[in-house]
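Single-structure report; data block below.
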Amino acid sequence: MGGKTLATKIRRIAMWSGPRNISTALMRSWENRPDTWVCDEPFYAHYLLNSDADHPGKDVVIANQENDWRKVVDALLGPVPGNHSVFYQKHMTHHFFPQMEGDWLRQLDHVFLLRDPRAMLLSLIKIIQTPVLRDTGLKQQCELFRLVHAITGKPPLVINSADILKDPATSMQKLCMALQLPFFAEMLNWPAGPRDTDGIWSKWWYDAVIASTGFKSYVEISTELPDDLQVLYQECLPYYQEMAESCLVVNESTSR
């Protein structure tokens with residue numbers, strides 16, 4: 001994505017999401033802006049190295065990505081490749097550990113991406129057969145939401161992925177407005193194919209987004225949760241509802 005002008009003030013956008021959301025499509029959207037550089041789940045290797053998570057390609061990710069979280073933070077706050085003025089950082093909330101708390105969070109503009117936990121769980125079990133609460137990222141997302149609120153003195157931005165899929169143009173315009181950044185129509189469509197900025201784990205997780213050229217249409221999921229997920233769903237719900245109270249209003253019927 002060459003041909004971009006020198007940055008005068010760098011905006012660092014931290015988009016915090018749980019798994020099986022539209023986080024990678026949203027990363028595509030921001031990468032297609034003329035002023036933005038993106039990075040993909042920079043704390044993933046650190047998470048895999050320091051948890052018992054059994055994810056596809058675990059050893060490959062650890063071997064190929066920086067796994068010292070302090071060095072990762074230095075990169076997130078350091079020079080932006082190509083002198084871009086916006087540095088968009090796609091984060092998974094379950095990759096964040098309490099020892100990573102610190103003043104560095106003040107230097108980012110935080111946005112929290114939600115997805116209804118029932119739909120998220122039905123998607124997650126396609127990858128992780130028996131997920132636990134940590135795999136959903138919701139508890140960590142809510143704790144991080146509270147932490148950012150305490151550090152900055154104001155509730156961070158929250159946006160629901162269902163609203164983006166129902167009305168991408170309005171959602172992205174309002175998100176950019178809330179971040180005090182210009183909206184670009186290029187955020188609504190992008191060329192299909194892999195990116196050099198995709199994590200090495202893309203071969204296991206990104207088939208759909210690699211083939212995509214824009215946000216998919218919203219589809220209401222009517223499938224019932226299996227009985228063995230009901231307890232986990234009830235664990236997720238209070239965290240989701242707490243953050244949903246702060247959702248950016250896309251239209252009068254926006255989901256809460």
Side-chain angles (χ1 to χ4, degrees), residues 15-28 40-65 67 69 72 90-98 100 112-145 160-162 164-165 194-195 198-212 215-244 255:
M15 181 65 69
W16 297 97
S17 175
R20 311 310 288 171
N21 208 335
I22 60 168
S23 58
T24 309
L26 203 53
M27 182 175 70
R28 286 284 192 273
D40 191 9
E41 300 182 30
F43 294 115
Y44 193 16
H46 176 77
Y47 166 71
L48 291 175
L49 190 64
N50 292 278
S51 75
D52 59 0
D54 185 20
H55 286 196
K58 178 175 182 175
D59 293 340
V60 175
V61 176
I62 291 172
N64 286 274
Q65 187 185 42
N67 52 59
W69 72 268
V72 174
K90 172 197 165 192
H91 293 288
M92 296 289 106
T93 53
H94 54 296
H95 298 172
F96 188 89
F97 290 92
M100 295 161 61
F112 289 76
L113 178 66
L114 292 187
R115 186 183 187 189
D116 174 79
R118 184 176 66 86
M120 177 270 294
L121 288 172
L122 288 170
S123 181
L124 186 61
I125 57 173
K126 297 175 183 178
I127 302 294
I128 301 174
Q129 191 172 19
T130 54
V132 296
L133 183 60
R134 181 165 185 87
D135 294 319
T136 72
L138 266 170
K139 182 174 185 289
Q140 298 93 317
Q141 190 175 33
C142 192
E143 290 172 345
L144 188 58
F145 174 86
N160 198 310
S161 61
I164 296 175
L165 297 180
R195 303 284 188 279
D198 290 346
I200 197 167
W201 50 88
S202 61
K203 66 185 76 175
W204 293 285
W205 298 85
Y206 289 2
D207 285 354
V209 79
I210 286 173
S212 73
F215 292 107
K216 62 184 180 182
S217 298
Y218 177 77
V219 176
E220 190 75 43
I221 298 175
S222 58
T223 307
E224 292 297 323
L225 277 175
D227 290 342
D228 58 358
L229 284 180
Q230 291 294 340
V231 171
L232 179 56
Y233 173 72
Q234 292 302 324
E235 287 183 280
C236 290
L237 205 54
Y239 299 114
Y240 171 81
Q241 290 172 335
E242 180 178 337
M243 291 181 287
S255 58

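Positions are given from 1, in the same order as the sequence printed here. All heavy atoms count here, side chains included; hydrogens, waters and symmetry mates do not.
The structure places CD1 of Ile22 at 4.0 Å from CD1 of Ile164, a figure rounded to the nearest 0.5 Å. Between atom CZ of residue Arg195 and atom CG of residue Asp40 there is a gap of 12.0 Å, rounded to the nearest 0.5 Å. One finds the CG atom of Leu49 at 5.0 Å from the CD1 atom of Ile62 (value rounded to the nearest 0.5 Å). We find the CG-CG distance between Asp135 and Leu121 to be 10.0 Å, quoted to the nearest 0.5 Å. Interatomic distance, CE of Met27 versus OH of Tyr206, reported as 5.0 Å (0.5 Å rounding). Atom-to-atom distance recorded for Asn50:CG and Met100:CE is 9.5 Å, nearest 0.5 angstrom.
Listed here is the closest heavy atom pair of Met92 and Gly18: SD-O, 3.7 Å. Across every non-hydrogen atom of Gly137 and Pro19, the tightest pair is N-CD, 4.3 Å. Residues Asn64 and Ile200 approach most closely at CG-CD1, 3.6 Å, considering heavy atoms. Between Asn67 and His46, the closest heavy-atom pair is O-ND1, 3.1 Å. Across all their heavy atoms, Pro194 and Ile210 have their closest contact at N-CG2, 3.8 Å. Taking all atoms of both residues into account, the shortest heavy-atom contact from Leu232 to Pro131 is CD2-O, 3.5 Å.
Classification of the Tyr47-His94 ring pair by plane angle, with boundaries at 30° and 60°, yields perpendicular. In this pair, Trp201 and Tyr44 present their aromatic rings perpendicular. The plane angle is above 60°, beyond the 30 to 60° band. In this structure, Trp16 and Phe112 have parallel ring planes: the angle between them is below the 30° cut-off, well short of the 60° mark.
Summarising the local packing, NZ of Lys58 is surrounded by more than 12 heavy atoms from other residues, nucleotides or ligands at distances under 6.0 Å. Heavy-atom neighbours of Gln234 CD from other residues, nucleotides or ligands within 6.0 Å: above the threshold of 12. Around CG of Asp228, the count of heavy atoms belonging to other residues, nucleotides or ligands within 6.0 Å exceeds 12.
With sequence neighbours left out, Ser161 forms a side-chain hydrogen bond (donor to acceptor under 3.5 Å, both in side chains) with Asn21. In this structure, the side-chain hydrogen bond (donor to acceptor under 3.5 Å, both in side chains) partners of Ser212, at least two apart in sequence or on a different chain, are Trp190. Listed by chain and residue number, Arg28 satisfy the side-chain hydrogen bond (donor to acceptor under 3.5 Å, both in side chains) test with Asp198 (two or more places apart in sequence, or in another chain).
When each of Leu229, Val231, Leu237 is tested with Tyr233 by the rule side-chain contact (heavy atoms from CB on, under 4.5 Å), just one qualifies, namely Leu237.
Judged purely by atom type and a 3.5 angstrom limit, Glu242 has no side-chain atom pairing as donor or acceptor with the backbone of Phe145. Checked by atom type and distance alone, the side chain of Ser202 pairs as donor or acceptor with a backbone atom of Gly199 at under 3.5 Å. In this structure a side-chain-to-backbone donor-acceptor pair under 3.5 Å is missing from Arg20 to Lys126.
Contact of the Ser23 side chain with the Leu113 side chain is registered, since non-hydrogen atoms from C-beta on lie closer than 4.5 Å. In this structure, the side chains of Leu26 and Phe215 come closer than 4.5 Å at one or more pairs of heavy atoms.
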Item to complete: Under the side chain to side chain donor-acceptor pair (under 3.5 Å) rule, what do Ser17 and Lys90 come out as? Steps first, then yes or no, please.
Response: CA-CA 8 Å; Ser17 175; Lys90 172 197 165 192; over 6 Å; no
Discussion item. One pair to check against side chain to side chain contact (heavy atoms under 4.5 Å, CB included): Gln141 and Leu138. What are the steps and the verdict?
Written reply: CA-CA 5 Å; Gln141 190 175 33; Leu138 266 170; 3.6 Å; yes
Item to complete: Evaluate the criterion side chain to side chain contact (heavy atoms under 4.5 Å, CB included) for residue pair Ile128 and His55; output intermediate values, then yes/no.
Response: CA-CA 8 Å; Ile128 301 174; His55 286 196; 3.7 Å; yes
Discussion item. Between Tyr240 and Asn160, does the side chain to side chain contact (heavy atoms under 4.5 Å, CB included) criterion hold? Intermediate values first, please.
Written reply: CA-CA 10 Å; Tyr240 171 81; Asn160 198 310; 3.0 Å; yes
Worksheet item: Could you go step by step and tell me if Phe43 and His91 meet the ring pair (Phe, Tyr, Trp, His ring centres under 6.0 Å) rule?
Response: CA-CA 8 Å; Phe43 294 115; His91 293 288; 5.5 Å; yes
Discussion item. Apply side chain to side chain contact (heavy atoms under 4.5 Å, CB included) to residues Trp69 and His95 and explain how you reach the verdict.
Written reply: CA-CA 10 Å; Trp69 72 268; His95 298 172; over 6 Å; no
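Figure legend: Arg134 and Phe97 shown as a cation-pi pair, the cationic atom lying under 6.0 angstrom from the six-membered ring centre and within 45 degrees of its axis.
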